[in-house]
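Here's the structure we're looking at; comments come further down.
In listed order, ligands and their atoms are each counted from 1.
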Amino acid sequence: MHKLTVLSGGMGGARFLQGLLHAITTGRLPGVDPDAEVTVVANTADDLWIHGLKVCPDLDTVMYTLGDGIDPGRGWGRRDETWSVKEELATYGVEPTWFGLGDRDIATHLVRTQMLDAGYPLSQVTEALCKRWNPGVTLLPMTDDRVETHIAITDPDTPSGRRVVHFQEYWVRLRAEVPAETVVVVGLDDATPAPGVIDAITDADLVLLPPSNPVVSVGTILGVPRVREALAATTAPVVGLSPIVGGTHVRGMAEQMLTSIGVEVSASGVGLHYGARPNGGVLDGWLVDTADAAEVDRVTAAGIACRAVPLMMTDVDATAAMAAAAVELARESAQR
Ligand code: GDP
Ligand code: CA
């Protein structure tokens, strides 16, 4: 296998990619070339405009993580960050104050916004930013079009009793602590896949769904027109790794999002939600954590090859082992 394509969100996807690249370069993946090419199709539905700047959290988390510029403690934003601009803006009383843009990070958003203003599409801007970070993958936004996830929440202070907030406001300001009633991805139905996205899936030797949020990360990528069709058509096996371990999301907000779309919060629940490729779904294989070994039969019965292996991304070695298990499962399902 030479061409690997990963459909990624932010933190979960980026950590998995770190392990995958480590596994490739150390020759730990059976049947995968040590110089294999990895293409990442990243979610852009979390993107927002703030203080006049275009911010792309998932693209940046992948770029900074793989380019060794990430703040390892927070898992997002830049290492050795300072916050002078944020403090100055707060002193002016400028809203919103809940979204933290660090000084170093702002440089990225300035470059991006300037290039977008000059007419370059997000995919070309991302390519330009990656020249500095050398992430070791080809990083593609899922689309060059504006797509935004919005969350409907209950708000007794409004006449309708509901309010719709941008995904980032739900996650960062409200800390996903109020129930999400509905997830609406504005602009998704009319989006066009960014250049290279469909080919990356169609021409791949292996497609991986990392343990990213199945609703607001992988779900939005799958919602871009033609992406599901490309997954159905590719000759590559498609293997995913569960973001739910022992009935919880480890870190993040997958539980809230799955509940809002009526999907059971379990490793098998997510696997069945993605579905088996021969039945109109996207998966040939699905890895669950050893804590969820009892759910393997349920996934297998749905026509998806399934194994239970440790899925906690505690360090790069543990994550590399997850990548190796995904490749093994892909090879088995390709032989069937
Ligand atoms: P985000 O865009 O930053 O939210 O990142 P992703 O969508 O790529 O991934 C977030 C999801 O990763 C979370 O909702 C968790 O379900 C999952 N996750 C985080 N850490 C782990 C881990 O160590 N193991 C597994 N299996 N899933 C994890
Ligand atoms: Ca995200």
Side-chain angles (χ1 to χ4, degrees), residues 6-20 40-48 55-66 70-72 74-77 99 139 141-142 147-151 166-172 175-176 180 183 185 208-222 239-261 263-271 273-274 286-292 295 307-323 325-326:
V6 181
L7 312 186
S8 176
M11 216 182 288
R15 279 185 174 228
F16 175 75
L17 285 161
Q18 250 181 338
L20 175 68
V40 178
V41 177
N43 171 49
T44 56
D46 296 2
D47 295 8
L48 73 167
V55 178
C56 302
D58 289 0
L59 282 170
D60 287 351
T61 297
V62 171
M63 184 173 77
Y64 291 157
T65 300
L66 301 183
I70 199 85
D71 181 297
R74 276 183 279 130
W76 58 271
F99 198 82
L139 180 58
M142 65 186 197
V147 173
E148 279 183 13
T149 300
H150 290 211
I151 309 285
H166 188 286
F167 170 79
Q168 294 296 345
E169 185 173 355
Y170 180 72
W171 176 222
V172 181
R175 296 172 196 282
V183 180
V185 191
L208 294 171
L209 271 48
S212 283
N213 190 307
V215 185
V216 293
S217 294
V218 177
T220 45
I221 300 171
L222 295 179
V239 171
L241 298 92
S242 176
I244 300 294
V245 172
T248 86
H249 55 208
V250 192
R251 57 179 85 81
M253 45 134 40
E255 288 176 51
Q256 291 90 322
M257 293 296 100
L258 287 167
T259 304
S260 75
I261 64 161
V263 172
E264 182 189 292
V265 182
S266 68
S268 56
V270 177
H273 166 63
Y274 284 142
W286 186 238
L287 290 177
V288 303
D289 188 82
T290 43
D292 303 308
E295 298 179 31
R307 298 274 176 285
V309 297
L311 287 189
M312 293 299 285
M313 299 189 283
T314 43
D315 57 40
V316 76
D317 265 325
T319 313
M322 288 165 53

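Looking at Ser242 against ligand 1, only its backbone comes within 4.0 Å, counting heavy atoms. Counting heavy atoms under 4.0 Å from ligand 1, residue Asp58 touches it through the side chain alone. Of the heavy atoms in Val245, only side-chain atoms (C-beta onward) come closer than 4.0 Å to ligand 1. At a 4.0 Å heavy-atom cut-off, ligand 1 touches Pro243 through backbone and side chain alike.
Without hydrogens or angle criteria, Glu148 side chain to Ala45 main chain gives no donor-acceptor distance under 3.5 Å. Side-chain atoms of Asp71 never come within 3.5 Å of backbone atoms of Gly77 as a donor-acceptor pair (strictly under, hydrogens ignored).
Checked by distance only, ligand 1 and Pro211 come closer than 3.5 Å through their nitrogen or oxygen atoms. Residue-to-ligand polar distances place Gly10 within reach of ligand 1: an N/O pair is separated by less than 3.5 Å. Looking at ligand 1, you'll find an N or O of Met11 within less than 3.5 Å of one of its N or O atoms.
His150 and His166 have tilted rings, their planes meeting at an angle from 30° to 60° on a 0 to 90° scale.
For atom 4 (O) of ligand 1, the nearest non-hydrogen atom of the protein is Ser217 OG, 4.6 Å. Of the protein's heavy atoms, Arg251 O, 2.8 Å lies nearest to atom 13 (C) of ligand 1.
Contact detail for Met322 and Pro211: the closest heavy-atom pair is CE-CG, 4.3 Å.
Nearest to the Ca ion (ligand 2), among the N, O or S atoms that Asp46 has, is OD2.
For atom 24 (N) of ligand 1, the choice among Thr319, Leu311, Val250 with the nearest heavy atom turns out to be Leu311.
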